[in-house]
Amino acid sequence: MATISLTFPDGNKRDYDAGITAAAVAESISKSLSKKAISATVNGAHWDLQWPIDADADIAIHTMADEAQANELVRHDLAHIMARAVQEIWPDTKVTIGPVIDNGWYYDFDRKEPFTPEDLGVIEKKMKEIINKREPVTTEVWDRDRAIQHYTDNGEPYKVELIESIPGDEPLRMYWHGDWQDLCRGPHLQHTGQVPADAFKLMNVAGAYWRGDSDRPMLQRIYGVAFTGKEKLKAHLNFLEEAEKRDHRRLGREMGLFHFEEVAPGSVFWHPPGWRLFQTLIGYMRRRQETAGYVEVNSPDIMDRALWETSGHWFNYMDNMFLAKTHDDRDYALKPMNCPGHMMIYNHSLRSYRELPMKIAEFGKVHRYEPSGALHGLLRVRSFTQDDAHIYCTPEQLTEECLKVNDLILSIYKDFGFENVHVKLSTRPENRIGSDESWDLSEGALKTALDRAGMDYTIFEGEGAFYGPKLEYVLRDAIGRDWQCGTLQVDYNLPERFGSTYVTQSGEKAAPVMLHRALFGSLERFTGILIENFAGRLPFWLAPRQVVVASITSEADDYVYEVVDMLKAAGVQAEADIRNEKINYKVREHSLAKVPVILAVGHREVEERTVSVRRLGEKQTSVQSLDSFLETAIADATAPDLR
RNA sequence: GCUGCUGUAGCUCAGAGGUAGAGCACUCCCUUGGUAAGGGAGAGGUCGAGAGUUCAAUUCUCUCCAGCAGCACCA
C-alpha cells in the first residue's frame, strides 16, 4: 500500500497509508483528540473525519474550539436532525434542502398542514431526544441511479430533482444520522451527541419558494439558530432583543416622528418632529452638493406615457408604476425615477463641452408600486424622496467623476458616524439594453474608480440595472447590521435613447455619458436607518427635538419662556414644558421621547439666571449659566459640515 | 405577489354567540412638587371593511383591506 505524508499545522510531518481517514489520523495522535475531533481541514477543504485521504496533504484536526468549523458542523447537523425529527413526527412530510446560514440554518419542507408555533416546541423536544441518543453519523458515496431509485421509491420528488441537477461527474454522497438518511455533500460530526443540546433554538416558520423561484411551489421553511455553547446562543438572543428595541417603526411612534395609514399603504405621514429631521438631512445634503458643484432642479411628478416609453420604464417596470388616466384620455405615470425628467432639462438647450460635467440634483419624490409583501416601515415604501442627481460628462471625464462621487459619499457617511462602508458592484444583467461595448466601458469605469480609491468591493454578476452597471454602498451600523444606501450607476443608454448631445471642442456633436447617483438613497430609508443606528438617540444636530425647558414650579414659567425664546432665536429647537406636573414626571416623559437635553428651572435658576442641564442617558445634572449653555447648544446644533 | 399569523380606545393588551374591559396617554379638579410615573374625577370604541349562517354576530364562515415574519421582488 502506498504511503502518504501529512503535514500538521505546527509543521510536523507524519506518514500514513494512503486512504487513511481523518478520524484515524486523529486517533494516531491521541485518544482524547480522536474523541474531541469534529472534522479536519485537508488542503484547505473542510473534511469529514470519515473521508479517506489519498495523497500528501496539509491537515488540521478540528475540535469544538475551532469556532468557524464547529458552527458550520453543528448547524448543518442540526438541519439534518430537525428534518429527521419532523419526518418522525409527521411521516408524510417531504424533505428538500436545509443549508447553514448566518447564526443558524433552515430546512424547507413540503407538507399539507402548516407548522404552528407550538409545533416548533414539539420538534425541538424531538431533536433533543435524537441528540441524546448519540447515534453515529455515517456516510457512503452512491451512484446516481441508485440514489434516484431510492428517492423515487421513498416518494421524495424534490430530492430526485436535486440529484438530477447535480452535474453527472460529481459523486453523490449519502449521510445517515442514526437510521435517517439524507443526500448531503458533508462534512458532518462524528455522532449526534457532539451537537450541544442547549445551544440551539427554533425561531420561526415561513413560506419559501422551492429553489427560490416564485413560479414553483411554496414550501414551509423552519429557521433555527445554533452555536457551540449556551452562552453564545444567549448572546445572540440578546442581540435580537437589542435590534428589536431599535425598531424604527416603534421608535418613530414613541418619538412622535411619523405614522402610516391604511389609506396610503407604504406612504409616510410625517409629523412635525420627523419632518424636521427629514429637512435637516435635506439641508445638509443641499449644502454638500452645492459645494461639490451640483445645481438643483425640480421636474414634474406626473408625465406622459410617451416619456416613459422613451426611457424604457414603461416596458420594463409598468407593473410597478402608479398610472393615471386623465379625463382627456391620456396615460400618465407618477415618476418612479427622476432621470427622464432630468433628460428633458439637459436636452432643453444645446450643450457645450464647456458645461460638462453638468451635475443636476433633485430632491425628487418618486412613487413605485412595490409588492405589498415588500413594504417595511420607512425602509421599504411606495413613495419616497431621493437625493438624486445625474452627472452628464464626456467619456474622458467618466472615471474621474465616479471617483468624486465615491469621495463625496464616504465623506458624508463619515459625518453621520458611519466609517465602515462596503461596496457592491453589480454587472450587466441578462435583461438589458445597450451594446456590449458600452457595458464594457461602464463596468470598466466603475472598477477603475474603485481600484484607484482603494475601496473593498464585491462583484455581483448579472445584478446591474437594465441600463447600466451599478455600485451600491453598504454601511455597517452601531450593532453590526448592514444597510444598503447610496448608489452610483453608469449609463450610456439613456442619453442615446433621448438623443442627448453636446458640442465638442471641434464643433461636432457627441453623446454624453450619464451617471445616476444617490447618496442617502431614499431620505425615508436613511431616516429609518439613522433611528435604528442611534436607537433613537440622534446626535444633537439631528435630534428632531433638541431641548425641553421644564419648570419645577409655576413661578418659573416666565423664565422658561425666556429661555426657550433665546434658544429658538439662536436656531436651537427648544420647547417649553410648564405643565402642572412634577419634575420627575417631566424628566421621565422627555427621556423616553429621547429628547437630548432637558433644562429644569426652579426658583434657584430664576434668581441666578442659570439652567439645570440634564443630558439624555446621564443621571448627573449640571447647573450652567444661561449664556454658557446657549453657547454649547449652538455649537452642538451646528451640522458637521458647518463646524 | 406567495405562505403562515394578526387586526378590540391614541398606545400596550384582556374578553365573550345575547351589541365591551384594564393600564398608560387625554380633559378637569386638588397638589407648587428639585431630576425616570403625586392624588382624585371624567370623557373616549360601528370590536379593520363587506357579505353569509343564526331569533341574535364584535365573537362562527367566506371575501376584501391593512399589519407582522419569511420568500420572491427592489429601475
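A note on names: the letters A, B, ... follow the listed sequences, proteins ahead of strands, and every chain is numbered from 1.
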>> Say we look at B:G17 and B:C60: how far apart would their C1' atoms be, to the nearest angstrom?
In response: 8 Å
>> Give me the distance, rounded to whole Å, that separates B:A16 from B:C74 when you measure between the P atoms they each carry.
In response: 46 Å
>> Under 4.0 Å, heavy atoms only, any strand: does A:H376 hit a base, just the sugar-phosphate, or nothing?
In response: sugar-phosphate
> Under 4.0 Å: is that the gap between some side-chain N or O of A:R249 and OP1 or OP2 of B:A69?
Replying inline: yes
> Taking the same atom, C1', in B:G39 and in B:U32, what whole-Å distance lies between them?
Replying inline: 14 Å
>> Could you identify the nucleotide paired to B:C28, looking across every strand shown and requiring Watson-Crick or G-U wobble geometry with both distances under 3.5 Å?
In response: B:G40
> Across all strands, who's sitting opposite B:C55 as a Watson-Crick or G-U wobble pair, both distances under 3.5 Å?
Replying inline: B:G18
> Base, sugar-phosphate, or nothing for A:Y223, non-hydrogen atoms under 4.0 angstrom?
Replying inline: sugar-phosphate
>> At 4.0 Å (heavy atoms only), tell me whether A:Q489 reaches a base, stays on the sugar-phosphate, or touches nothing.
In response: sugar-phosphate
>> Between B:U63 and B:U46, how far apart are the two P atoms, rounded to whole Å?
In response: 27 Å
>> Ring centres under 6.0 Å, that's the criterion: do A:Y317 and A:F466 meet it?
In response: yes
>> Both distances below 3.5 Å, Watson-Crick or wobble geometry, any strand: find the nucleotide opposite B:G23.
In response: B:C11
> Expressed as a whole number of Å, how far does the P atom of B:U54 sit from that of B:C11?
Replying inline: 36 Å
>> Which residue is it: A:V560, A:V597, A:I578? I am looking for the one with a side chain to side chain contact (heavy atoms under 4.5 Å, CB included) to A:V549.
In response: A:V560
>> Under 4.0 Å, counting only non-hydrogen atoms across every strand here, what does A:G212 touch: a base, just sugar-phosphate, or nothing?
In response: sugar-phosphate
>> Using a heavy-atom cut-off of 4.0 Å across all strands, would you classify A:N316 as base, sugar-phosphate, or nothing?
In response: nothing
>> For A:H76 versus A:G98, what's the shortest heavy-atom pair and its separation?
In response: CD2-O, 4.4 Å
> Within this structure, what is the CD-to-C1' distance between A:E581 and B:A36, rounded to whole angstrom?
Replying inline: 13 Å
>> By the 4.0 Å heavy-atom rule, please label A:E463 as base, sugar-phosphate, or nothing.
In response: nothing
>> Under 3.5 Å for both donor-acceptor distances, Watson-Crick or wobble: does B:G34 have a partner, and if so which one?
In response: none
>> Parallel, tilted or perpendicular, judged at 30° and 60°: which one describes the rings of A:F109 and A:F115?
In response: perpendicular
> Are A:N584 and B:A36 close enough that a side-chain N or O sits under 4.0 Å from OP1 or OP2?
Replying inline: yes
> OP1 or OP2 of B:A75 sitting under 4.0 Å from any side-chain N/O of A:K470?
Replying inline: yes
>> Out of the candidates A:R253, A:H259, A:R276, only one should pair with A:H271 under the side-chain hydrogen bond (donor to acceptor under 3.5 Å, both in side chains) rule; please name it.
In response: A:H259
>> Taking pairing as Watson-Crick or G-U wobble with both contacts under 3.5 Å, can you name the mate of B:C5, or confirm there isn't one?
In response: B:G67
>> Looking at B:C62, which nucleotide sits across from it as a Watson-Crick or G-U wobble partner, both distances under 3.5 angstrom, or is there none?
In response: B:G50
>> On the nucleotide B:C2, are OP1 or OP2 found under 4.0 Å from the side-chain N or O atoms that A:S214 carries?
In response: no
> Whole-Å distance between B:A75 P and A:R497 CZ?
Replying inline: 16 Å
>> Using whole Å, what does the distance between atom P of nucleotide B:A69 and atom CZ of A:R221 come to?
In response: 16 Å
>> Would you measure the distance from the P atom in B:A20 across to the matching atom in B:G45 and give it in whole Å?
In response: 13 Å
>> Tell me whether A:Y585 and B:A37 count as stacked here, given that the ring centres must be under 5.5 Å apart and the planes must differ by less than 30 degrees.
In response: no
> A:D108 has an atom CG; how far is it from atom P of B:U3, in whole Å?
Replying inline: 16 Å
>> If you only use heavy atoms from C-beta on, which nucleotide in B:C11, B:G7, B:A75 is closest to the side chain of A:R253?
In response: B:C11
>> Applying a 4.0 Å non-hydrogen cut-off, can you work out what A:L219 is touching in the nucleic acid: base, sugar-phosphate, or nothing?
In response: nothing
>> So A:D213, base contact, sugar-phosphate only, or nothing? Heavy-atom distance under 4.0 Å.
In response: nothing
> Under 4.0 Å between a side-chain N or O of A:R525 and OP1 or OP2 of B:C74?
Replying inline: no
> Under 6.0 Å between ring centres, would you say that holds for A:Y467 and A:H516?
Replying inline: yes
>> Tell me whether the side-chain N/O atoms of A:R250 come closer than 4.0 Å to OP1 or OP2 in B:U12.
In response: no
> Do any side-chain nitrogens or oxygens of A:R382 fall under 4.0 Å of OP1 or OP2 in B:C74?
Replying inline: no
> Counting any heavy atom closer than 4.0 Å, what does A:A374 reach on the DNA or RNA strands: base, sugar-phosphate only, or nothing?
Replying inline: base
> With rounding to whole Å, what would you report as the distance between B:G40 and B:G7 at their C1' atoms?
Replying inline: 35 Å
>> Does the structure show a Watson-Crick or G-U wobble partner for B:C74, both distances under 3.5 Å? Name it, or say none.
In response: none
>> I'd like the C1' distance from B:U53 over to B:A57, given in whole Å.
In response: 10 Å
> If you look at every strand shown and take non-hydrogen atoms under 4.0 Å, does A:P265 touch a base, only sugar-phosphate, or nothing?
Replying inline: sugar-phosphate
> Can you name the one residue among A:T96, A:D110, A:T93, A:V205 that meets side chain to side chain contact (heavy atoms under 4.5 Å, CB included) with A:Q220?
Replying inline: A:V205
> Without hydrogens or angle criteria, can the side chains of A:E161 and A:W210 be said to hold a donor-acceptor pair below 3.5 Å?
Replying inline: yes
> How would you label the contact of A:F260 with the nucleic acid (heavy atoms, under 4.0 Å): base, sugar-phosphate, or nothing?
Replying inline: nothing
